[in-house]
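Notes follow once the structure below has been shown.
Below, all heavy atoms of this structure are taken into account, side chains as well, without hydrogens, waters or symmetry copies. Here the structure is a predicted model, which means the values were calculated and not measured.
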Protein chains: 2
Amino acid sequence: MSVTIKDIARQAEVSYATVSRALNDKYGVNPRTRDKIIKIAEELHYRPNALARSLVSSRSFTIGLVLPDITNPYFPEIAAGIEKASIEQGYGVLLCNTDGDIQREKRYMRLLAERRVEGILLAPAISKTEDMEFQTQNSLPLVYVSNAPLKTSHSAVLIDNIRGGYIATKHLIDCGYGTIGFIGVHEEDMRDNERFEGFRNAIERHGLRMEEKYCRFGTFRQESAYQLIREMISEKDVPRALFVENDNLAIGVLHGIKDSGLKVPEDIAVIGFDDISYSSYSEVQLSTIRQPKDRMGSLAAKMLIEEIESAGKDNNRRTVIVEPELVVRQSSC
Amino acid sequence: MSVTIKDIARQAEVSYATVSRALNDKYGVNPRTRDKIIKIAEELHYRPNALARSLVSSRSFTIGLVLPDITNPYFPEIAAGIEKASIEQGYGVLLCNTDGDIQREKRYMRLLAERRVEGILLAPAISKTEDMEFQTQNSLPLVYVSNAPLKTSHSAVLIDNIRGGYIATKHLIDCGYGTIGFIGVHEEDMRDNERFEGFRNAIERHGLRMEEKYCRFGTFRQESAYQLIREMISEKDVPRALFVENDNLAIGVLHGIKDSGLKVPEDIAVIGFDDISYSSYSEVQLSTIRQPKDRMGSLAAKMLIEEIESAGKDNNRRTVIVEPELVVRQSSC
DNA sequence: ATGAAAGCGCTAACAA
DNA sequence: TTGTTAGCGCTTTCAT
C-alpha cells in the first residue's frame with residue numbers, strides 16, 4: 001500500500017529495526033546511517049502508520065469529544081479550546097455529537113472503545129449521560145467540561161455556578177429591581193443547576209422574597225423559555241427582572257417579551273449566563289455571566305492528557321472551578 | 001491489556017480464528033459454537049480492537065473533517081450533518097480546526113495521513129487550502145463542502161452561488177430599491193466569490209447600473225464589514241439596499257448602520273447569505289439566502305464514503321449543487 | 001551500532 | 001466446521 005519502514009530499510013541497506021530506531025530518535029544509531037535513513041524517508045514521503053504503532057505501543061493518541069449538540073452556540077468554543085490543546089500535544093479528537101439520542105450515544109461509546117481512545121471529554125447536557133460514566137467503568141480517563149453530575153469521581157472543569165448565579169442576581173438587585181424571577185431547566189443532580197442556588201442565595205441575603213410564581217422551569221429549548229415567559233406575562237404578574245439560566249434560553253425570553261409588546265429592560269430586565277457570541281451583538285445586548293469557554297476547553301483537554309500520561313500513578317483527579325465574570329449590557333440596565 | 005479474541009478462544013475452547021469468524025458473522029461456523037462464542041464475548045465485555053483490524057484490513061473507517069473555524073456559526077451545522085451521516089455508516093470523524101493557521105493545517109495533514117484516514121472533508125475558507133489538495137496528492141478521496149476552489153478535480157457539495165446572489169439581488173430589486181450595493185470578500189478563485197457574479201447579473205439584467213463605489217471588499221471578519229459600511233455612510237453616498245456576501249458580514253453591516261444612526265430597512269435595506277441561526281432571531285430579522293447546511297454536510301459525508309468504498313472503480317467524482325432559498329425577513333422590506 | 005526475531009490483535013488464505 | 005499459519009507495520013528485547 002503505502003511506504004513502510006521496510007521500503008526504507010531496503011533502500012538504505014539496513015534492517016528495518018534500524019530504520020525504526022533512526023526515525024524515532026532512539027539512542028544508539030550511527031549519525032551517518034541516521035541521516036541517510038531520514039533522507040530516504042523524506043524522499044519516499046514516508047508517513048509512519050499510526051495504527052501499527054498504536055497496536056504495539058497501546059497508545060492511540062486519540063481522545064473522544066462527546067457533546068450533546070455542536071450547533072448549540074455554547075459548545076463550539078469549548079470544542080475549539082479542546083481541539084487546540086489536543087493537537088498541540090499530538091492527540092487527535094474524535095467528534096461525537098450525541099444529539100441527546102441514546103442510541104447514538106451508545107454507538108459512540110462502542111466506536112470510542114473499539115478505537116481505543118485514551119480518554120473522553122464529556123460535555124453532558126443532562127444527567128442520563130451517567131450511562132457513559134458507567135460504561136467506561138472507570139477504566140478510561142474521563143474529564144467533564146462545562147457541566148457534570150453532582151456526584152462523580154471524575155475530573156471536571158466547571159464554572160462556579162453558585163457564584164455565577166449569585167453575581168447575576170446581585171447585579172439585578174444592585175440595579176434596584178425589587179422583584180426578580182428565574183427561568184431555567186430543572187435538571188436534578190447536575191452542576192449547572194446550582195445557578196438557581198446562587199440565585200436563591202442572593203435573593204435571600206438581600207432581603208427579597210423568593211416567589212415561586214416567578215420561578216419557572218422548562219426544557220433546554222429556546223421555545224420552552226419563550227412559552228414560559230409568555231405565560232407569565234399573560235398571567236399579568238411578572239417580576240421586574242429575570243435571571244435566565246443560560247443565554248440560549250434568555251434569547252427565547254427576549255423574544256417572548258418582545259412578542260408580548262413589552263420592552264427590555266424598561267418593563268423587564270434580563271440577564272443570562274454563558275456569554276455566547278450572539279449575546280454581544282448590538283441587536284441583542286444581553287447582560288450575562290461570562291464563561292471562559294475556550295480556556296475551559298483547553299484546560300479540560302490538558303487535564304485529560306495529563307491523566308492519560310500519568311496512568312497508573314497516584315490518582316490525580318480533580319475538579320477545577322473557573323471564575324464567572326459579570327458582563328453588563330443593555331438588557332439589564 | 002483488554003480482552004482479545006484469544007481470551008475468548010481459550011474459554012470457548014476453540015481456535016481464535018473461529019472466534020474471529022463467529023464474531024464477524026462469516027460463513028461456515030457451527031451455530032452452537034457461534035452462540036457460545038458470542039455469549040462469552042459479551043460476558044467478557046469484549047470490544048474488538050479497531051486498530052488491529054484496520055492494520056490488517058487497510059480500512060480505518062475514519063475520515064478527517066477540516067474546517068477553518070468551528071466557532072463561526074456557519075460551520076457547526078455543516079459539521080453536525082457530516083457527523084450524523086458518518087456515524088450512521090460506522091465512520092469516525094477526526095475534527096480538525098485549522099484556525100486559518102498554516103502551521104496547524106500542516107500538523108493536521110500529518111495527523112490525518114498517519115492515522116490513515118480514508119478520506120477528507122474540507123470546508124475551505126480561502127484558496128490557500130489548495131495546499132491540502134496538493135498534499136493529499138490525489139491519493140486520498142477528498143470532498144469539498146460549502147466552498148471550493150474554482151478549479152479542482154475533487155468532488156464538492158456547493159450551493160448555487162450565482163443563483164443565490166441573483167435571487168438575493170433580484171429580491172431587493174423587486175422591493176423597488178433603485179440603487180443596490182455589495183459588501184463582501186474578494187477571494188479569487190473560490191466558488192463563494194460567485195455570489196458577486198450573481199449580484200452583477202441581476203443588476204445588469206434589470207437595467208440598473210453597477211456602481212463601483214457601492215461595491216466594497218474586505219476580509220471575513222465582522223469588523224471589516226462594519227468598517228466598510230461606516231466608511232460608505234460617512235462619504236454621504238450610500239445605496240438604498242445592500243447585498244452582503246454572508247450573514248456574518250451582514251451582521252457587521254447591521255451594526256455599522258445602526259451605529260451611524262440610520263435604520264434598517266428604512267434607510268438601507270440589507271440581505272445576507274447563509275441563514276445562520278442568529279439571522280432569524282427576532283431582534284435581527286436578517287433577510288438572507290438559506291443554505292441547507294445540515295443536508296449539505298450529510299450529503300458530502302455520504303459522497304465521500306461512497307468514493308471511499310468504490311475505490312479503484314471508475315471515477316465517480318462529482319459536484320453537487322444545492323438550491324438556495326430566499327428567506328425574507330424585516331431587514332429588506 | 002546493527003540485525004534477528006517476537007509479538008501487538010486481528011483477518012484471511014490454506015489445510016484438515 | 002474448525003485449526004494452523006502468515007502477515008498487516010511497527011516497537012522492542014536480545015544477540016552480535
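Remark: B:Arg318 engages B:Glu306 in a salt bridge (Lys or Arg N to Asp or Glu O under 4.0 Å) (not counting sequence neighbours). Under the side chain to side chain contact (heavy atoms under 4.5 Å, CB included) criterion, B:Leu55 pairs with A:Asn49, A:Ala52, A:Leu55, not counting sequence neighbours. Every ring pair (Phe, Tyr, Trp, His ring centres under 6.0 Å) that A:Tyr91 has, sequence neighbours left out, goes to A:Phe61. Not counting sequence neighbours, B:Arg295 has no partner by the salt bridge (Lys or Arg N to Asp or Glu O under 4.0 Å) test. Applying the side chain to side chain contact (heavy atoms under 4.5 Å, CB included) rule to B:Ser57 yields the partners B:Arg53, B:Arg59; only residues at least two apart in sequence or on another chain are considered. B:Lys39 meets the side chain to side chain contact (heavy atoms under 4.5 Å, CB included) test with B:Glu43; sequence neighbours excluded.
A nucleotide of DNA chain C counts as in contact with chain A when one of its atoms lies under 4.0 Å from a heavy atom; the first and last such, 5' to 3', are C:dA1 to C:dG9. The nucleotide range of DNA chain D contacted by chain B, defined by atoms under 4.0 angstrom from heavy atoms of the protein and reported 5' to 3', is D:dT1 to D:dG9.
Closest-nucleotide positions on DNA chain D for B:Ala17 and A:Tyr46 were compared, and the one nearer the 5' end corresponds to B:Ala17.
With respect to B:Ile120, the side chain to side chain contact (heavy atoms under 4.5 Å, CB included) criterion is satisfied by exactly one of B:Leu140, B:Val143, B:Leu65: B:Leu140.
Across its full length, the helix from C:dA1-D:dT16 to C:dA16-D:dT1 shows an angle of 40° between the axes of its 5 terminal pairs at either end, rounded to 10 degrees.
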A:Arg104 vs B:Glu83, salt bridge (charged side-chain N to carboxylate O under 4.0 Å, His left out): CA-CA, chis, key distance, verdict: CA-CA 11 Å; A:Arg104 219 153 131 199; B:Glu83 232 278 330; 3.3 Å; yes

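Taking CG of B:Asp294 as the reference point, atom OG1 of A:Thr71 lies at 8.5 Å (rounded to 0.5 Å).
A:Ser60 and A:Ser54 make their closest contact through CA-OG, 3.5 Å (heavy atoms, listed as atom of the first residue, atom of the second, distance). Across all their heavy atoms, B:Pro76 and A:Ile70 have their closest contact at CB-O, 3.3 Å.
Listed in residue order, the members of residues 21-40 of chain B having a heavy atom less than 4.0 Å from DNA chain C are B:Arg21, B:Asn24, B:Lys26. Near-neighbour residues of DNA chain C inside residues 48-64 of chain A, defined by a heavy atom below 4.0 Å, number-ordered: A:Leu55, A:Val56.
Between the side chains of B:Glu307 and B:Ser155, at least one donor N or O sits under 3.5 Å from an acceptor N or O.
Summarising the local packing, NZ of B:Lys84 is surrounded by 12 or fewer heavy atoms from other residues, nucleotides or ligands at distances under 6.0 Å.
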Using residues 28-35 of chain A as the side-chain source, report each donor-acceptor pair under 3.5 Å to any protein atom, sequence neighbours left out, with the distance given to one decimal.
| from | atom 1 | to | atom 2 | distance (Å) |
| --- | --- | --- | --- | --- |
| A:Asn30 | OD1 | A:Arg32 | N | 2.7 |
| A:Thr33 | OG1 | A:Asn30 | O | 2.7 |
| A:Arg34 | NH1 | A:Asp25 | OD1 | 3.0 |

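Looking at heavy atoms from C-beta onward, B:Arg107 lies out of side-chain contact with B:Leu111 at the 4.5 angstrom threshold.
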